[in-house]
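Being a predicted model, the structure only gives us computed values, none of them experimental. Order of the sequence lines fixes the chain letters, A, B, ..., with proteins taken first and strands second; residue numbering starts at 1 for each chain.
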Amino acid sequence: MNLFAYTIIAGVMYGIFFGLVGLGLNIVFGVLKMINLAHGDFIMLGSFLAYWLYTLLGVNPLLVIPIAVATFFLVGFPLYYAFVPRLLRSKDPEMLSFILFFGASQVIEAVIIFAFGNNQRSIPSDVFGSSGFVIFGQRFPIAWLITTLVALAAFGFVYWYLRHTRMGYATRAVMANRDEAMLSGIDVNRISAFVFCMGLALAAIAGVFSFFIIGSSSPSMGPELTTVSFAIIVLGSLGNPLGTILGGLIYGVAVMFMQSYFSSWADILPYVLLIAVMLIRPEGLVGKAARSA
Amino acid sequence: MLKKIFPSLGVVLVVVAMFLGLPSIYSNQSFLFNLMLYLALAEGLNIIYGFTGYLPFGYVGFFGAGAYGSAIAVTLLHISPLWGVLWGGVAAVLIGIILIPLLRLSGAYFAIANLAASQALYYVVSNPALEKITQGPYGIDLSSVYNANAAYYALLGVLVFAMVLVAFIRNSDFGLCLLAIKEDRVTASLAGVNIVRARSIAWMLSAFVAGLCGAVFGWYSAVFYPSTVFSLDVSVFTIVFVLFGGIGTLAGPLAGALILYSMYNFIGISTPQYFQLFYGLLIIALVLFLPDGIASILRKGKVYVP
Amino acid sequence: MEVLLGVEALESGYGSIQVLWGSSLEVASNQCVVLLGVNGAGKTTLLKTIAGLLPARKGKITFKGADITGLKPNSRIAGGIGYMSELGIFPNLTVEENLKLGGYFRSEKDNRKRAGEMYEYFPDLRAYAKKMGASLSGGQRKMLGVAKTLMSHPGLVIMDEPSSGLSPKFVKKVIEVLKFLHEQEKLSMLIAEQNVSFLDFAQKIYILDKGRVSFDGDVQELKGNDTIRETYFGISR
Amino acid sequence: MSHNGKRLLKVEGLVKKFGGFRALNGVSIDVCEKRIVGLAGPNGSGKTTLINVISGVYKPDGGSVEFDGKSIYRSPSHKIVHSGVNRTFQIPRPLAGLTVWDNVRLAAVYGCCEADKREIIRKALEIVQLDGLKDFISGGLTFAQQKLLGLATALATRPRLLLVDEIAAGLSHQELDWIAQMLLRISQTGVAMIVVEHHLGFIDTLTSDVVVMNAGANLFRGSIHEAAQNEEVVEVFLGR
């Protein structure tokens with residue numbers, strides 16, 4: 001019974017973090033209808049930013065959040081304007097952007113290996129203190145709690161942004177129908193650029209805290225994180241950012257169960273989940289329509 | 001019609017002559033073997049991506065299935081390695097049949113689902129729980145049947161098969177029907193084309209070629225691990241070669257693989273990241289400036305590309 | 001009469017397909033203009049090019065005397081062009097949110113007042129304020145589309161087939177509403193239609209045929225012109 | 001209503017929903033061998049949706065479709081084509097990267113069982129007078145030529161029933177006459193047709209048997225001249 005309780009609670013926390021992992025991918029998809037295949041690499045970049053700031057200057061990961069957001073907005077805007085408007089005008093934006101972001105993911109991975117070497121890196125999990133905390137008789141490291149809170153705060157922020165800000169309204173309009181949004185007088189390109197950067201920044205935040213949940217970070221972890229993120233947002237429903245948390249929870253609890261009871265088959269889970277959902281319910285668990293041939 | 005078959009035939013003959021003649025001039029057989037391997041894989045991927053537009057990110061799954069299919073046949077059923085190659089192709093086709101439902105997905109969704117499928121296959125094969133059959137993560141040892149020269153010529157046979165297949169598709173009604181499906185499914189089906197059947201056939205042919213390649217690769221390597229034959233790099237390299245050369249032609253993927261793999265080998269092998277960086281930038285540049293590959297430059301000059 | 005919108009020798013299209021081949025038209029202040037044409041004649045392309053959704057390949061678009069040919073769509077909308085597409089609304093957002101987006105670049109206070117006026121014009125919408133656009137009936141959706149477009153106090157309203165998908169009864173109602181608004185708000189309108197019921201309400205009519213304007217004049221001239229009558233209504237008596 | 005010859009197509013109570021919207025709401029229509037039926041109605045009345053459902057492009061949600069005594073309800077398009085039904089598109093959709101000849105070749109190879117494919121292709125192109133353009137890339141044709149190519153591809157599958165969707169839209173007066181003559185010639189070779197047109201005058205030159213649809217259902221069936229007198233029909237067309 002102890003193992004069961006541990007599995008559920010750990011699964012929920014794990015799942016909330018993985019919701020954050022998928023969140024950035026989903027808002028970018030919602031606005032641009034493009035799959036950022038370099039999403040996992042941006043998570044990796046976030047983790048290396050945190051690692052670098054921690055080992056060199058001893059910066060606390062919580063303080064890395066504002067630095068990461070600022071950095072990724074600075075990087076994101078030129079990236080957006082260099083590639084995306086051109087892709088949107090091309091004859092097959094969906095496929096071409098997919099391939100282009102794949103190229104970007106290769107470039108990012110190579111550059112980070114040049115800079116840091118192809119090794120696993122980590123930040124000690126007692127950076128927030130070595131005390132633990134107890135839920136329902138189960139003890140967890142404090143770093144888990146902080147990560148979970150950060151992820152929940154990120155979801156709260158996205159909810160507030162979409163529901164209660166002027167730009168958030170505009171963002172939802174662009175998600176609903178790009179042309180119609182343009183005809184309402186919305187500067188669709190500016191909104192898209194902003195949301196694209198927000199997606200990258202959210203990925204980076206997930207990266208900053210990835211050490212405490214995944215354990216370590218390596219330059220080549222990008223593609224796997226992208227696939228997992230994609231599985232999560234398909235589970236939650238593509239293009240519905242807030243649905244991502246549901247996808248994350250299902251994924252988290254399922255992974256913990258597999259690790260507790262069928263550990264040798266746990267690795268295969270995200271892939272099987274992804275394929276199953278795409279074939280059985282491509283519109284996701286709470287969504288409406290997705291593309292199929 | 002005949003006018004168009006001759007250039008294709010010429011291309012096939014040149015490639016065959018090249019790989020028959022080169023070993024006596026250039027002694028690095030392993031380079032020639034790998035080059036041939038990517039030429040064949042590029043043509044195999046071309047069948048599904050070039051003619052139907054489905055981008056198989058998990059193409060390596062068939063490669064790995066071929067390597068393991070033949071290795072298991074050779075080690076457990078004691079079949080000769082040459083027949084084992086055929087078993088590898090069959091194993092890949094079986095995986096292909098299981099994955100046929102994925103063809104219902106379009107564009108990027110198909111690509112990601114296929115990637116996931118290849119990863120899932122990797123985790124199944126490398127699972128210690130299946131050690132009795134696949135040796136799990138510990139890899140397979142085929143050194144008892146190792147014969148580098150035989151494997152080299154077997155691969156040449158596979159390459160010829162792949163090229164002839166592509167040349168045939170390109171010049172046949174079946175190729176026309178695949179191109180039609182790629183361009184407009186509705187129009188194609190109103191021309192009487194059974195879309196599900198046609199794309200499934202292309203999918204299985206493409207899988208078969210990759211399976212044969214994987215099988216010969218396993219034979220030539222003598223010892224291999226799941227992480228080698230299911231490495232995402234195999235998909236990535238093949239896709240880059242095909243994109244660079246130009247999809248839907250016989251010569252494009254050959255040229256792409258020949259140029260880029262040679263470059264990779266002569267510059268890149270000591271520090272693969274240089275090449276990863278180079279490929280990444282190349283992909284971005286291709287998408288932005290030359291989405292139809294180098295073959296499209298020739299085509300603009302009104303040159304027929306076989 | 002003062003020219004509000006001027007379109008001169010406009011050429012436009014999608015990718016390699018050119019749809020408009022030098023179309024010209026004018027809308028004067030306080031005038032209702034109907035652009036008639038069958039499916040595929042290029043009506044939507046013309047309207048989209050005026051709104052800036054498609055770039056003009058050749059020709060010139062002026063609004064209130066200023067050249068707007070190169071402006072981004074949002075600047076044109078903010079400059080006083082209201083546009084109601086065939087879809088007209090965001091089905092996945094609530095009625096209230098639709099209205100708010102209609103006045104996106106105006107102040108919150110202004111929007112609240114204007115939304116109040118819209119609820120006066122269309123009492124049905126008030127009851128559905130918190131409901132999704134998709135839950136409205138076809139006729140109500142068109143009303144919401146009109147209200148959403150009017151939120152920004154446009155000087156000119158462009159509408160793409162306001163009758164589409166409506167039964168004759170509702171088409172009649174839409175026309176009544178537009179007539180009323182035309183008088184009430186001194187609106188200028190450019191309406192693309194295939195439905196001939198809109199003719200009587202137009203002060204000027206253009207017919208678009210294969211991307212070119214093949215006729216311009218008023219209703220009397222149109223009715224007196226036999227070829228056009230036959231080509232566009234089919235039955236000659 | 002004239003019923004000469006064997007009933008080829010029988011559609012009853014057909015329903016097609018898009019979300020909550022019933023684009024077809026119980027429409028019925030039948031066509032006898034070698035006859036032409038005109039299908040008219042205002043925009044959005046469901047004419048094109050009906051063509052799309054009969055030809056298998058959309059899957060229906062209720063009712064029945066029988067062709068030559070066999071049900072083709074929810075059959076895939078290629079099977080419907082093989083059974084002898086084909087259609088043209090209002091907005092033509094040729095395989096834009098392929099030549100005119102290859103467009104028709106695809107249909108001749110996959111859509112019909114006769115042996116002499118070249119002859120079928122040649123004849124189809126001759127009927128629509130595109131034989132001079134056979135080596136052109138079809139994406140470069142004009143709108144009107146692409147419509148004719150669509151007709152040629154449909155003919156190359158040797159249909160017994162042809163569904164013609166607004167082929168006249170956007171054509172000039174002379175072109176209209178020419179197309180009408182062409183359709184009549186095709187009909188004389190034994191092909192039955194449903195001709196969808198917004199434009200009643202065009203239908204008038206082809207047949208006197210017309211079905212008028214409104215809001216996804218039947219409104220009227222009879223001769224064109226009766227239709228022009230019928231108050232309901234006049235109302236949906238011209239408004240009141």
Next item on the list: May I ask you to test the B:Y109-A:F230 pair for a side-chain heavy-atom distance under 4.5 Å?
Entry: yes
Check: In terms of heavy-atom pairs under 4.5 Å with chain A, which of B:L243, B:I195, B:V236, B:L282 leads?
Finding: B:V236
Check: What's the shortest heavy-atom distance between A:M278 and B:A113, and which atoms?
Finding: CE-CB, 3.5 Å
Next item on the list: Kindly compute the distance separating CD1 (B:I98) from CD1 (A:I275), expressed to the nearest 0.5 Å.
Entry: 11.0 Å
Check: Counting heavy-atom pairs under 4.5 Å to chain B, which of A:F83, A:W265, A:F101 comes out on top?
Finding: A:W265
Margin query: Taking CZ in A:F262 as the centre, count heavy atoms belonging to other residues, nucleotides or ligands within less than 6.0 Å. Is the count above 12?
Written below: no
Margin query: Using every non-hydrogen atom in the two residues, find where A:V107 and B:I284 come nearest and quote the distance to one decimal.
Written below: CG2-CD1, 4.3 Å
Notebook entry, point to check: Quick one: what part of B:F57 sits under 4.5 Å from any heavy atom of chain A, side chain, backbone, both or neither?
Noted result: side chain
Next item on the list: Step through the shown structure and confirm whether more than 12 heavy atoms of other residues, nucleotides or ligands are within 6.0 Å of OH on B:Y225.
Entry: no
Notebook entry, point to check: If contact means a heavy atom pair closer than 4.5 Å, which residues of residues 214-227 of chain A contact chain B?
Noted result: A:P223, A:E224, A:T227
Item checked: Option that, when pairs with chain B are counted at under 4.5 Å, heavy atom only, ranks first among A:I108, A:L37, A:L100 -> A:L100
Checklist line | Exercise: identify the closest heavy-atom pair between A:L279 and B:R104 | finding: O-NH2, 3.0 Å
Notebook entry, point to check: Does B:V287 reach the side chain of A:F102, with side-chain heavy atoms less than 4.5 Å apart?
Noted result: no
Notebook entry, point to check: Measuring from A:D267:CG to B:N127:CG, what's the distance to the nearest 0.5 Å?
Noted result: 8.0 Å
Item checked: Spacing of B:L286 atom CG and A:I99 atom CD1 [to the nearest 0.5 Å] -> 9.5 Å
Notebook entry, point to check: What part of A:L269 is in contact with chain B, defined as an atom under 4.5 angstrom from a non-hydrogen atom: side chain, backbone, both or neither?
Noted result: neither
Notebook entry, point to check: Does A:Q106 reach the main-chain N or O of B:Y279 with its side chain, forming a donor-acceptor pair under 3.5 Å?
Noted result: no
Next item on the list: Could you pull out the closest heavy-atom pair between A:R86 and B:L288, with the gap in Å?
Entry: NH2-O, 3.1 Å
Notebook entry, point to check: Which members of residues 115-124 of chain B, sorted by number, sit under 4.5 angstrom from chain A on a heavy-atom basis?
Noted result: B:L115, B:A116, B:A117, B:Q119, B:A120, B:Y123, B:V124
Checklist line | Under 4.5 Å from any heavy atom of chain B - which part of A:I35 | finding: side chain
Margin query: Given heavy-atom pairs under 4.5 angstrom as the criterion, report whether the side chain, backbone, both or neither of B:I239 touches chain A.
Written below: neither
Notebook entry, point to check: Can you name the nearest heavy-atom pair linking A:L96 to B:P291, along with the distance?
Noted result: CD2-CB, 4.3 Å
Next item on the list: Name the region of B:L130, side chain, backbone, both or neither, that has any atom closer than 4.5 Å to a heavy atom of chain A.
Entry: side chain
